[in-house]
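First up is the structure itself, then whatever we jot down about it.
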Amino acid sequence: MSDTQERERIQKLIARAGLASRREAERWIEQGRVKVNGKIASLGDKAALHLDRIEVHGRPLAGAECKCYVMLNKPMGYVTTAHDPQGRPTVFDLVDKIPERLFSIGRLDLNTEGLLLLTNDGELAHTLLHPSYAIPKTYRVKISGDPDPKTCTALERGVELEDGITAPAQVARIRKSKRNTWFDLSITEGRNRQVRRMCESLGCSVSMLKRIRFGTLELDGLPVGQYRHLSPMELQALQRMR
Ligand code: URA
């Protein structure tokens, strides 16, 4: 069944959830009290409970599982845990307007910035993190100096770390200044501090690390510290990676 075929008029979904009659639901839509994926809905709009996030009077549509998928551009200095014993800011402070209880799909270090997915969909999180799916994650890395070709080849082939040799990766050189080099490193594993450890083991010191891609998702122009809900197409592409 295609995306459009699966979607129904929003007033029908609200009525089915037992919140109001269809007529009443239509009035709510006209009054701007219904949102779909964060945008005020218009009469005639269609949605599906498993594809879209529907809010009525600011609350997720009850009676249905309201799954939430958010892309955050994590700033440096934020922890990825829900609470920090040292009182540092957490990424969940940045999404505190979202009523669902979210968790992150994987983690980024305190000083890493970039694409972090937050959701309440445990099943999708579990599969995206499972090593057998080998979801590629791309990091923009800034190092001091200019890595020699041998370093790049080593990163691509695999690096011996204390928890074993890393899986093959991809390196793309982005730019170079007098003092620094920027390159994109795509890895399919998700070990603790993996990119920093790979670079350090080859004698390169990482001065900036930012995740720019996660599977089919790209950070694009999302400003640091901001988040957005995934579009239905983005979600489907991600689900198809399973
Ligand atoms: N690799 C790292 O070294 N740090 C991160 O935050 C993510 C990947």
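Just so you know, ligand 1 is whichever comes first in the structure, and atom 1 is the first atom listed for that ligand. Residues take their numbers from the sequence shown, with the count starting at 1.
If you number the atoms of ligand 1 from 1 as listed, the ones under 4.0 Å from a heavy atom of Y139 come out as 7 (C), 8 (C). Ligand-side atoms of ligand 1 in range of R196: 2 (C), 3 (O), range being under 4.0 angstrom from any heavy atom.
Hydrophobic clustering (side-chain heavy atoms under 4.5 Å, transitive across Ile, Leu, Val, Met, Phe, Trp, Tyr) keeps V91 apart from M71.
Polar contact with ligand 1: present for R193 (N/O pair, distance under 3.5 Å). In terms of polar-atom proximity, defined here as any N/O pair under 3.5 Å, R107 makes no such contact with ligand 1.
Residue Y69 forms a side chain to side chain donor-acceptor pair (under 3.5 Å) with just one option from N37, T119, D121, N120, and that option is D121.
When only non-hydrogen protein atoms are considered, atom 1 (N) of ligand 1 lies nearest to V195 N, 3.1 Å. Residue, atom and distance of the protein heavy atom nearest to atom 4 (N) of ligand 1 are D109 OD2, 2.8 Å.
Checking side-chain atoms of E24 against main-chain N and O of S21 turns up no donor-acceptor pair under 3.5 Å. The main-chain N or O of R191 is found under 3.5 Å from a side-chain atom of Q194 such that the two form a donor-acceptor pair.
Residues that satisfy the side-chain contact (heavy atoms from CB on, under 4.5 Å) test with K35, not counting sequence neighbours, are I40, E55.
Under the side chain to side chain donor-acceptor pair (under 3.5 Å) criterion, the residue pairs touching residues 90-108 are R53-E100, with sequence neighbours excluded.
Taking all heavy atoms of I187, L209, L116, T112 into account, the minimum distance to atom 2 (C) of ligand 1 is reached by L209.
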